[in-house]
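Here the structure is laid out as structure tokens; the discussion comes afterwards.
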Amino acid sequence: MRLLQPEDGASLVEFLISMAISAIVVAGTYDLYIAFSKSNLAQSDIVETQNTAQAAMDIMVKELQRISVAPNITTTVTANDTITFSSESASGFSTGLNSSTTLNDTTASWAVNVFAPTATITYSVAIILGTGLGQTVPISSNTATQLTTASAWTPLPDATSRYTITRPKQFTRTAGNTLQMKIGTGPLKSVADNITALSFSFSVNTTTINLTARTKNKDMNLGTYRSFSRTDTAIMRN
């Protein structure tokens with residue numbers, strides 16, 4: 001005779017075993033999720049830091065390519081971390097018939113008084129080739145084709161004179177690891193955060209920039225910040 005098997009539900013022991021197995025599976029899944037989240041956050045932080053470093057470098061290179069005279073490199077926080085320079089806004093050749101306080105370029109089409117001084121910016125015009133080479137004078141006003149200067153030319157530029165119109169700018173790193181930029185005497189404006197090292201050097205006609213950026217957060221596995229360095233050069237205009 002075949003004995004019938006009982007149709008009762010799972011025993012308490014079987015239930016407890018099942019619960020224990022489920023708890024192990026859930027705990028393992030949770031640990032895997034946490035590990036994945038940490039890895040994803042760390043990778044996002046790394047990518048953001050690398051992008052920030054490259055963007056900051058690109059901005060500085062673009063600006064420092066627009067200089068026509070050697071910049072002034074000084075120290076604010078660490079050696080050579082501040083650069084002050086004259087950024088070119090326009091250039092050309094004088095077409096002559098200048099007075100002691102004017103410079104004419106009949107090929108120009110400037111907006112009237114676009115180079116007039118403001119509360120924070122004074123534009124200057126420098127002769128970089130030909131008669132009057134080496135002179136730099138501030139601009140007081142302009143028409144579409146003529147600059148009026150705040151001081152006199154000695155000697156007068158002529159049709160051989162190449163000029164450049166510039167305004168002062170500056171890049172510097174603060175003690176709080178922020179890269180900042182200033183135009184004229186205006187306020188410093190943030191360009192990038194977490195810049196832990198910055199230095200400039202100039203030779204002949206090339207500015208070399210060294211920059212190090214740091215992640216916002218510490219690596220959860222290493223317990224330290226991750227840093228990334230960039231080096232680039234900006235060749236000044238002839």
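Note that the OG1 atom of Thr174 and the CG atom of Leu188 stand 9.0 Å from one another [nearest 0.5 Å]. We find the CZ-OG distance between Arg162 and Ser94 to be 13.5 Å, quoted to the nearest 0.5 Å. Separating the OG atom in Ser201 from the CD1 atom in Ile73 is a distance of 6.0 Å, to the nearest 0.5 Å. Between the CZ atom in Phe85 and the CE atom in Met236 there is a gap of 12.5 Å [rounded to 0.5 Å]. To the nearest 0.5 Å, atom CD of residue Gln65 and atom CD of residue Glu63 are 10.0 Å apart. Considering OG of Ser161 and CG of Asn104, their distance stands at 11.5 Å, rounded to 0.5 Å.
Using a distance-only test at 3.5 Å, with no hydrogens or angles considered, a donor-acceptor pair links the side chain of Asp45 to the main chain of Asn217. Using a distance-only test at 3.5 Å, with no hydrogens or angles considered, no donor-acceptor pair links the side chain of Asn177 to the main chain of Ala197. Looking at Arg66, its side chain does come within 3.5 Å of a backbone N or O of Glu88 through a donor-acceptor pair. When atom types are taken as modelled, the side chain of Gln146 and the backbone of Thr102 share no donor-acceptor pair closer than 3.5 angstrom. Formation of a donor-acceptor pair under 3.5 Å by the Thr95 side chain with backbone atoms of Thr106 is found in this model. Judged by distance alone, with hydrogens and angles left aside, the side-chain atoms of Asn142 form a donor-acceptor pair with the main-chain N or O of Asn113 at under 3.5 Å. With hydrogens and angles disregarded, no donor-acceptor distance shorter than 3.5 Å links the side chain of Ser100 to the backbone of Ala152. Remark: the backbone N or O of Thr76 is paired with a side-chain donor or acceptor of Asp81 at under 3.5 angstrom. Not one N or O on the side chain of Asn210 forms a donor-acceptor pair closer than 3.5 Å with the backbone of Leu198. No donor-acceptor distance shorter than 3.5 angstrom exists from the side chain of Gln135 to the backbone of Pro157, with no hydrogens or angles considered.
Summarising the geometry of Ala159 relative to Phe93, their closest heavy-atom pair is O-CD2, 4.3 Å, with the distance given to 0.1 Å. In terms of heavy-atom proximity, Leu156 sits nearest to Ser99 at CD2-O, 3.0 Å. Taking both residues in full, the closest heavy atoms of Ile165 and Leu147 are given as CD1-CD1, 3.8 Å, listed atom of the first, atom of the second, then distance. For Leu103 against Trp153, the heavy-atom pair with the smallest separation is CD1-CZ2, 3.9 Å. Across all non-hydrogen atoms, the minimal contact from Pro117 to Ser140 is CD-O, 3.4 Å. When all heavy atoms are compared, the tightest approach of Met57 to Arg230 is CE-O, 3.4 Å.
In the displayed structure, Ile235 atom CD1 is contacted under 6.0 Å by at most 12 heavy atoms of other residues, nucleotides or ligands.
By the criterion of side-chain heavy atoms lying less than 4.5 angstrom apart, applied directly or through intervening Ile, Leu, Val, Met, Phe, Trp or Tyr residues, Phe171 is not grouped with Val69; the two fall into different hydrophobic clusters. Clustering ILVMFWY residues whenever any of their side-chain heavy atoms sit less than 4.5 angstrom apart, transitively, puts Val114 in the very cluster that holds Ile121. Put simply, Phe202 and Met181 are part of the same group of oily side chains (I, L, V, M, F, W, Y) that touch within less than 4.5 Å, one to the next.
Taking the ring centre of Tyr225 as origin, the terminal cationic atom of Arg214 falls inside the region bounded by 6.0 Å and 45° from the ring axis.
Remark: Asp232 engages no residue in a side-chain hydrogen bond (donor to acceptor under 3.5 Å, both in side chains) (not counting sequence neighbours).
The side-chain heavy atoms of Leu129 and Tyr163, taken from C-beta on, include no pair separated by under 4.5 Å. A heavy-atom distance below 4.5 Å is not found between the side chains of Ser68 and Ser86. Counting heavy atoms from C-beta on, the side chains of Val125 and Thr149 come closer than 4.5 Å. Met60 is listed as a side-chain neighbour of Leu211, based on a closest heavy-atom distance under 4.5 Å. Side-chain contact check for Ile183 versus Thr120: every heavy-atom pair is 4.5 Å or farther apart.
Within the structure, the salt bridge (charged side-chain N to carboxylate O under 4.0 Å, His left out) test picks out no pair touching residues 178-200 (sequence neighbours left out).
There is a side-chain donor-acceptor pair under 3.5 Å between Thr172 and Thr82. If you check the side chains of Ser190 and Thr178, you find no donor sitting under 3.5 Å from an acceptor. For the residue pair Thr131 / Thr160, a side-chain donor-acceptor distance below 3.5 Å is found, with atom types taken as modelled. Defined by atom type and a distance below 3.5 Å, a donor-acceptor pair is present between the side-chain atoms of Thr84 and Gln170.
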